[in-house]
There are 2 protein chains.
Amino acid sequence: MMKITIKDIAEKANVSVATVSRVVNNKSKGVGEDTRKRILELVEEYNYQPSAVARGLVTKKSKIIGLIIPDLTNPFYPKMAKGIEDEASKHGYNIILCDGNNSMDKEAAYLDFLGEHYVCGIIYNNFKNISDTILNKILKSSLPLVFIDSKPEIKGCKCVYLDNHKAMYDMIEYLIHNGHRRIGFMTGPLDSYSINERYKGYLKALEDNGIAIDSDLVVQGEYAIKDGYDAMERLLETGTDMTAVACCNDLMAIGAMEKIEELGMCVPEDISVVGFDNIEMTRLVRPKLTTVAQPIYDMGREAARMIINIIEGHGKHTQDNLVFEPSLVIRDSVKKIEK
Amino acid sequence: MMKITIKDIAEKANVSVATVSRVVNNKSKGVGEDTRKRILELVEEYNYQPSAVARGLVTKKSKIIGLIIPDLTNPFYPKMAKGIEDEASKHGYNIILCDGNNSMDKEAAYLDFLGEHYVCGIIYNNFKNISDTILNKILKSSLPLVFIDSKPEIKGCKCVYLDNHKAMYDMIEYLIHNGHRRIGFMTGPLDSYSINERYKGYLKALEDNGIAIDSDLVVQGEYAIKDGYDAMERLLETGTDMTAVACCNDLMAIGAMEKIEELGMCVPEDISVVGFDNIEMTRLVRPKLTTVAQPIYDMGREAARMIINIIEGHGKHTQDNLVFEPSLVIRDSVKKIEK
DNA sequence: TTGAAAGCGGTACCAG
DNA sequence: CTGGTACCGCTTTCAA
């Protein structure tokens with residue numbers, strides 16, 4: 001069953017393709033009411049769908065925004081995607097969602113993929129600092145691009161992200177105010193902008209409070225629950241006298257809690273744990289996890305708005321960086337230590 | 001900065017576009033080694049990316065599979081998407097992921113969207129029984145289509161799904177064997193194939209065990225945590241003497257547990273709760289939730305394999321239905337009632 | 001080994 | 001108000 005084309009409709013209606021094109025695109029000024037109606041009926045009857053491909057070839061526009069995220073199974077990202085999606089559809093744009101699967105190669109492949117197809121812009125949540133290969137692709141590409149949840153070293157690139165430094169700084173200070181001084185840090189890969197900022201925030205907070213930095217108190221891991229679980233095991237071996245751990249995301253924190261509990265210890269009595277992101281799980285887990293909230297849905301919306309501005313050319317004066325403020329969500333996973 | 005086209009490369013290389021096309025597509029038999037090299041260099045230098053759009057227009061093939069799911073924020077679906085993605089990329093296919101946002105209209109819109117673009121097939125996880133509008137779109141479309149996690153009333157349609165009836169039947173029997181007889185049922189919208197099957201499984205298990213059906217023991221809600229929370233409140237009002245509730249998905253079950261706890265009661269001491277899907281959260285929540293596991297990642301992979309078979313024409317003998325077996329995951333949210 | 005040219009399904013401009 | 005037609009960027013015969 002061949003797909004119906006504009007030519008088929010034109011034949012059946014005894015008009016030219018130009019006319020069909022006119023009515024299909026609602027540029028009906030200059031089309032007789034009767035022909036218009038006849039064509040519309042045919043369109044309906046044969047379920048004619050204009051090929052966006054052919055159309056894209058001539059118009060070079062597509063109303064499709066590509067979105068690359070690191071990992072769909074971290075609940076943080078679907079929420080971001082929703083924000084982007086909601087804002088985009090409001091403006092008639094569709095999203096192509098690509099899950100980079102925590103792999104630079106996959107991300108690079110998707111960048112190519114999106115470049116070859118006619119997306120009109122890309123929102124890119126790179127999970128690590130971009131490699132030279134990727135940097136090159138981006139530089140050579142003329143596609144509008146906004147980074148979300150990161151801020152690469154590219155002059156003039158558009159970014160929306162959280163003030164990660166402040167976020168972690170505040171969190172560590174909160175821990176310190178609660179009497180903690182031996183504070184562990186569970187980091188993700190440090191070659192990620194966000195993670196690196198968080199790490200710096202941790203360091204700075206310790207420093208500002210006159211607490212010595214101890215590398216035995218920091219472990220590095222990947223981002224999933226299982227990774228936090230594993231990392232906690234390692235941290236417990238090196239981190240003597242540790243009374244609290246700050247984790248770089250909620251998933252890791254939850255994994256850490258699992259490990260602690262499995263070892264017969266209690267959170268927060270034996271050790272306090274805090275996370276980052278405020279995903280829904282943090283509310284559900286026992287004890288409820290203290291964490292820092294990112295307005296991720298809104299960040300998504302703003303990123304969408306930003307790229308649409310650029311695409312539609314209203315973006316000459318769009319600011320380069322949009323940075324959001326974090327907020328602490330205090331729950332039950334931190335113990336107050338009396339002095 | 002205009003995008004580089006095949007013509008540009010051809011000019012620079014002093015050859016025809018046909019030749020460039022040949023080398024770009026590795027149909028190099030019949031291209032001089034030197035010209036070949038020269039062209040490849042140009043391609044590299046100018047970062048030439050052939051327009052998949054133009055190519056798609058002529059070849060009518062695209063290696064893109066559209067995937068429609070109900071809601072990205074239910075962790076069940078990202079896992080399914082991963083399965084599909086992984087299998088698809090193994091065969092060189094890409095996925096366009098569309099989040100229907102629990103809305104038929106959105107789903108319909110995406111169906112159109114995918115139809116207009118040149119995807120080569122669609123994997124569709126409809127969240128409710130398909131409407132006539134959608135049925136029509138599907139019937140009129142010539143695109144390969146496989147349904148996942150549902151089984152619509154369309155002759156000859158390809159489906160991969162769980163034996164939902166058996167799943168819920170087994171779960172209810174498990175409850176009964178543990179001494180429960182006043183068992184509540186928290187259902188999702190009944191005009192969904194999967195949900196309806198689960199409901200029937202519930203009914204059948206009661207019947208087979210000589211337990212009277214009591215409509216005061218069933219509530220209906222939507223699928224999110226909040227919905228389960230709300231539904232539980234209603235159920236508690238009508239469901240007298242209820243000792244257990246079976247929920248149609250884990251999210252609802254978790255919401256139900258929240259409500260129960262908030263009311264000062266305990267799970268499972270005061271009331272047992274079971275879920276469905278075995279999302280990761282069920283392991284994390286306290287008490288750990290007893291639920292039924294769907295091999296959703298594998299189901300995704302099989303769905304991908306199925307549609308690729310159809311697309312590539314090896315699918316003449318593909319079976320219509322692929323049904324997976326559920327398995328109970330017994331954890332801590334069910335109390336054994338001594339007789 | 002290479003080139004010319006006919007489309008693919010539309011859009012948009014120019015005529016009539 | 002409508003039709004003819006030149007592209008858009010690429011693939012694919014058919015000839016040379």
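Every chain is numbered from 1, with letters handed out A, B, ... down the list of sequences. None of these values were measured; they are calculated from a predicted model.
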**Student:** Quick check on D/dC1: is either OP1 or OP2 less than 4.0 Å from any side-chain nitrogen or oxygen of A/T35?
**Tutor:**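 For A/T35, the contact criterion (side-chain N or O under 4.0 Å from OP1 or OP2 of D/dC1) is not met.
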**Student:** Go through the structure and list residues passing salt bridge (Lys or Arg N to Asp or Glu O under 4.0 Å) with A/D320, not counting sequence neighbours.
**Tutor:**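 By the salt bridge (Lys or Arg N to Asp or Glu O under 4.0 Å) rule, A/D320 matches A/K158.
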**Student:** With A/S62, which residues qualify under side-chain hydrogen bond (donor to acceptor under 3.5 Å, both in side chains), at least two apart?
**Tutor:**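 A/S62: no side-chain hydrogen bond (donor to acceptor under 3.5 Å, both in side chains) contacts found.
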**Student:** With B/K137, which residues qualify under side-chain hydrogen bond (donor to acceptor under 3.5 Å, both in side chains), at least two apart?
**Tutor:**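 Per chain and number, B/K137 pairs via side-chain hydrogen bond (donor to acceptor under 3.5 Å, both in side chains) with B/D112.
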**Student:** For the pair B/E87 and B/K90, find out whether any cationic side-chain nitrogen is under 4.0 Å from an anionic carboxylate oxygen.
**Tutor:**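 Yes, charged N to carboxylate O under 4.0 Å.
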**Student:** How large an angle, rounded to 10°, do the end axes of the helix from C/dT1-D/dA16 to C/dG16-D/dC1 enclose when each is built from five base pairs?
**Tutor:**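 Angle reported: 40°, given to the nearest ten degrees.
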**Student:** My understanding is that only residues two or more places apart in sequence, or in another chain, count here; which of them pass ring pair (Phe, Tyr, Trp, His ring centres under 6.0 Å) with A/F113?
**Tutor:**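 By the ring pair (Phe, Tyr, Trp, His ring centres under 6.0 Å) rule, A/F113 matches A/H117.
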**Student:** How would you list all residue pairs meeting ring pair (Phe, Tyr, Trp, His ring centres under 6.0 Å) that involve residues 126-157 of chain B, not counting sequence neighbours?
**Tutor:**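 Ring pair (Phe, Tyr, Trp, His ring centres under 6.0 Å) check on residues 126-157 of chain B returns B/Y124-B/F147.
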**Student:** Whole Å only: how far is the NZ atom of A/K37 from the P atom of D/dC1?
**Tutor:**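 It is 16 Å, rounded to the nearest whole Å.
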**Student:** With B/N125, which residues qualify under side-chain hydrogen bond (donor to acceptor under 3.5 Å, both in side chains), at least two apart?
**Tutor:**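 Scan of B/N125 (side-chain hydrogen bond (donor to acceptor under 3.5 Å, both in side chains), adjacent residues dropped) gives none.
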**Student:** Among all residues two or more places apart in sequence or in another chain, which pass the ring pair (Phe, Tyr, Trp, His ring centres under 6.0 Å) test with B/Y193?
**Tutor:**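 Partners of B/Y193 under the ring pair (Phe, Tyr, Trp, His ring centres under 6.0 Å) test: B/Y161.
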**Student:** Could you write nucleotides 8-16 of chain D as a row of B, S and -, 5' to 3', where a protein heavy atom under 4.0 Å of any base atom gives B, of only sugar-phosphate atoms gives S, and otherwise -?
**Tutor:** BBBBBB---
**Student:** How is A/D8 classified with respect to the nucleic acid when contacts are heavy atoms under 4.0 Å: base, sugar-phosphate, or nothing?
**Tutor:**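 Result for A/D8 = nothing.
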**Student:** Does OP1 or OP2 of C/dG3 have a side-chain N or O of B/T19 closer than 4.0 Å?
**Tutor:**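 Checking B/T19 against C/dG3: at least one side-chain N or O falls below 4.0 Å of OP1 or OP2.
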